[in-house]
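Note that ligands are numbered from 1 as they come in the structure, with each ligand's atoms numbered from 1 the same way. What's counted below: heavy atoms across the whole structure, side chains too, no hydrogens, waters or symmetry copies.
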Amino acid sequence: MNQQSIQNELNNSLCYTSNYVPLNKQKMSKITNLSSQIEKQLPAGLVTLIQRAGKTAASQGQGLYLVGGVVRDLLLGQTNFDLDLVVEGNAIELAQYLVEINHGKITTHPRFNTAKLQWDKWSVDLATARSETYARPGALPTVTPGSIKNDLFRRDFTINAMAIELNPSRYGELIDLYGGRDDLEHKLIRILHEKSFTDDATRIWRGLRYEQRLDFRLEPTTLKLLKRDIPMLDTISGDRIRYELECILKEERPEKVLHRAEELGVLPKLSSTLKSNGWLTEKFEQARQTNFPNPPPSGLYLALLVYPLTNEETEPLISFLRLPKALAQTIRDTIDIKTKLPALANSELTPSSIYRLLHAYSPQAVTTNSLACESPVARQHIQLFLDKLRYVKPALTGDDLKRMGVAPGPRMKEILQRLHEARLDGKITSKQGEVELIEGWLD
Ligand code: ATP
Ligand code: MG
């Protein structure tokens with residue numbers, strides 16, 4: 001296939017080429033009104049808010065639109081109360097005006113010309129319509145004010161690039177310039193132009209996330225371009241990849257995304273030794289059962305993902321992703337505890353020895369090891385620590401010991417430690433027992 005025919009094939013399968021030529025895929029003539037879906041699926045408080053916002057914007061001569069994920073989910077009949085509004089005009093001015101009439105709270109970001117409105121228990125993001133260009137692959141985009149059309153074109157996938165008119169004269173009308181609705185019907189994830197993944201390779205991870213969440217498929221040309229552009233992930237900063245990973249770990253079944261990422265060769269871009277296999281699926285499932293009815297914390301998922309790695313393999317990942325201090329510590333602890341597993345697998349171990357082996361580590365790292373370790377005995381010991389031993393404390397304090405004639409210093413520390421051990425091993429069970437034990441030692 002020569003270069004021109006490859007280009008033609010790409011142009012035909014994507015909704016738009018990179019120079020914005022619309023294809024016949026668009027159904028601009030068909031007007032769909034989603035006001036009844038809005039009414040049915042969004043809480044009354046939010047409906048009132050967007051209707052008022054639409055009227056206010058119209059009175060100021062500005063266009064206002066509901067955009068992105070909420071439009072997609074309204075069409076899919078799925079719950080999503082995260083509202084994103086786009087203003088053809090000035091988002092901050094509109095938000096300030098809305099706050100005056102609604103008595104809500106407003107947070108503004110003048111640099112990006114965006115605002116967050118909080119009203120009752122609802123919060124809504126307002127952004128000024130913009131177009132984006134990329135000076136080089138992976139760079140943050142150069143932003144200029146634009147129309148809703150520009151704003152939709154800068155988006156990741158056709159299913160996320162639809163908008164709903166909020167202006168009262170056209171309230172509820174769907175704007176679908178790139179065939180998003182068709183793609184929803186056919187369960188397809190499709191980029192808007194062939195440079196999409198090159199401009200911003202985080203869309204590779206995003207694409208896998210939506211594909212797996214919605215049980216869709218990457219449209220064939222999108223899949224081809226995604227594979228072609230996997231090396232472009234090297235242009236993305238660790239902070240942005242970390243954000244995408246956090247989003248994945250908040251999904252209902254993150255392992256599906258990780259598994260697909262491995263299949264396509266995306267996962268090794270994170271670390272060449274990471275694996276998404278049956279073992280991981282089983283451990284993620286156990287993590288969900290353990291935390292039910294809450295979802296597992298994303299730190300626990302991450303620690304399970306990196307569990308098979310060595311210390312030398314995790315360090316570059318921790319520094320590339322610039323993990324927050326506490327999370328980095330959890331990961332380091334998780335890997336370090338693995339070196340204690342042979343000792344923990346000894347069935348003769350006393351509770352105080354179990355405590356000594358585990359107490360210095362973050363509870364999440366200990367939990368990870370209880371889920372991940374092979375030895376049933378070690379797992380039992382770790383579970384005993386988590387359920388009981390970590391909460392055991394002597395009743396007597398340093399002050400009590402002082403009153404009993406022990407001077408503060410290393411000796412007091414040692415006595416307190418021995419007291420703690422005696423408690424852990426069940427040698428004493430009451431405060432009186434502790435007093436008698438110490439009196440015996442002092443004699
Ligand atoms: P989710 O349900 O995952 O929150 P969402 O569609 O609301 O889905 P967000 O990450 O909240 O996704 O982003 C809001 C919208 O911003 C998206 O629908 C998409 O149109 C656009 N968007 C977000 N990230 C990108 C990106 N990297 N490139 C292009 N458009 C993006
Ligand atoms: Mg969202």
Quiz item: Within a distance of under 4.0 Å, is there any protein heavy atom near atom 4 (O) of ligand 1?
Solution: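 False for atom 4 (O) of ligand 1.
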Practice problem: Scan the protein's non-hydrogen atoms and note whether one is under 4.0 Å from atom 20 (O) of ligand 1. | Solution: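 Answer yes: something from the protein, a heavy atom, is under 4.0 Å.
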Contact (N/O only, under 3.5 Å) between [X] and ligand 1:
| X | answer |
| --- | --- |
| D82 | no |
| D84 | no |
| N160 | yes |
| R240 | no |
| Y243 | no |
| N80 | no |

Considering only non-hydrogen protein atoms, determine which one is nearest to [atom] and report residue, atom name and distance to 0.1 Å.
| atom | result |
| --- | --- |
| atom 1 (P) of ligand 1 | R213 NH2, 3.6 Å |
| atom 7 (O) of ligand 1 | G69 CA, 3.7 Å |
| atom 16 (O) of ligand 1 | R155 NH1, 3.4 Å |
| atom 8 (O) of ligand 1 | Y210 OH, 2.9 Å |
| atom 27 (N) of ligand 1 | D200 OD2, 2.8 Å |
| atom 30 (N) of ligand 1 | D156 N, 3.1 Å |

Exercise. Would you kindly say whether T202 and D200 are connected by a side-chain donor-acceptor distance under 3.5 Å?
Key: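 There is such a pair between these side chains.
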Self-check item: Partner of H193 by ring-ring contact (aromatic ring centres under 6.0 Å, His included), out of F153, Y178, Y134
Solution: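 The option that passes is F153.
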Practice problem: Take atom NZ of K338 as the centre, draw a 6.0 Å sphere, and report whether it contains more than 12 heavy atoms from other residues, nucleotides or ligands. | Solution: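 It does: K338 NZ has more than 12 such atoms within range.
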Self-check item: More than 12 heavy atoms from other groups under 6.0 Å of NZ on K393
Solution: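 Atom NZ in K393 is crowded, with more than 12 foreign heavy atoms closer than 6.0 Å.
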Quiz item: What do we get for R154 next to ligand 1 when only non-hydrogen atoms under 4.0 Å count, side chain, backbone, both or neither?
Solution: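 R154 to ligand 1: backbone contact only, side chain stays beyond 4.0 Å.
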Quiz item: Going by heavy atoms in the side chains, are Q380 and L384 under 4.5 Å from each other?
Solution: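 Counting from C-beta outward, Q380 and L384 never come under 4.5 Å.
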Self-check item: Pairing of D234 and K269 as salt bridge, 4.0 angstrom limit
Solution: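 Yes, this pair counts.
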Quiz item: Any Lys/Arg nitrogen of D336 or K340 sitting under 4.0 Å from an Asp/Glu carboxylate oxygen of the other?
Solution: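 Looking at D336 and K340, the cut-off is not met.
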Quiz prompt | Closest non-hydrogen atom pair, A95 against L126 | solution =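 Of all heavy-atom pairs spanning A95 and L126, the closest is CB-CD1, 4.2 Å.
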Quiz item: Which of the numbered atoms in ligand 1 are below 4.0 angstrom from a heavy atom of G68?
Solution: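 So the answer, numbered in order with elements, is 18 (O).
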Exercise. Quick one: sort the F157 and Y210 rings into parallel, tilted or perpendicular, breaks at 30° and 60°.
Key: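 Perpendicular, since the angle between the ring planes exceeds 60°.
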Quiz item: Hey, what's the ring geometry for W279 with Y307, parallel, tilted or perpendicular (30° and 60° as the breaks)?
Solution: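 Rings of W279 and Y307: parallel, as their planes differ by under 30°.
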Self-check item: Donor-acceptor contact present, side-chain N369 to main-chain C373, <3.5 Å
Solution: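 No, N369 side chain to C373 backbone: no donor-acceptor pair under 3.5 Å.
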Quiz item: Could a heavy atom of F157 be found less than 4.0 Å from some atom of ligand 1?
Solution: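 No heavy atom of F157 comes that close to ligand 1.
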Practice problem: Could you tell me if any non-hydrogen atom of T202 lies under 4.0 Å from any atom of ligand 1? | Solution: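 Heavy atoms of T202 do come under 4.0 Å of ligand 1.
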Practice problem: Show the numbers, then the answer: is there a side chain to side chain donor-acceptor pair (under 3.5 Å) between R288 and Y301? | Solution: CA-CA 10 Å; R288 284 189 284 274; Y301 275 146; 3.0 Å; yes
Quiz item: Any idea which of R203, E132, R72, R206 brings a heavy atom closest to atom 13 (O) of ligand 1?
Solution: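 That would be R206.
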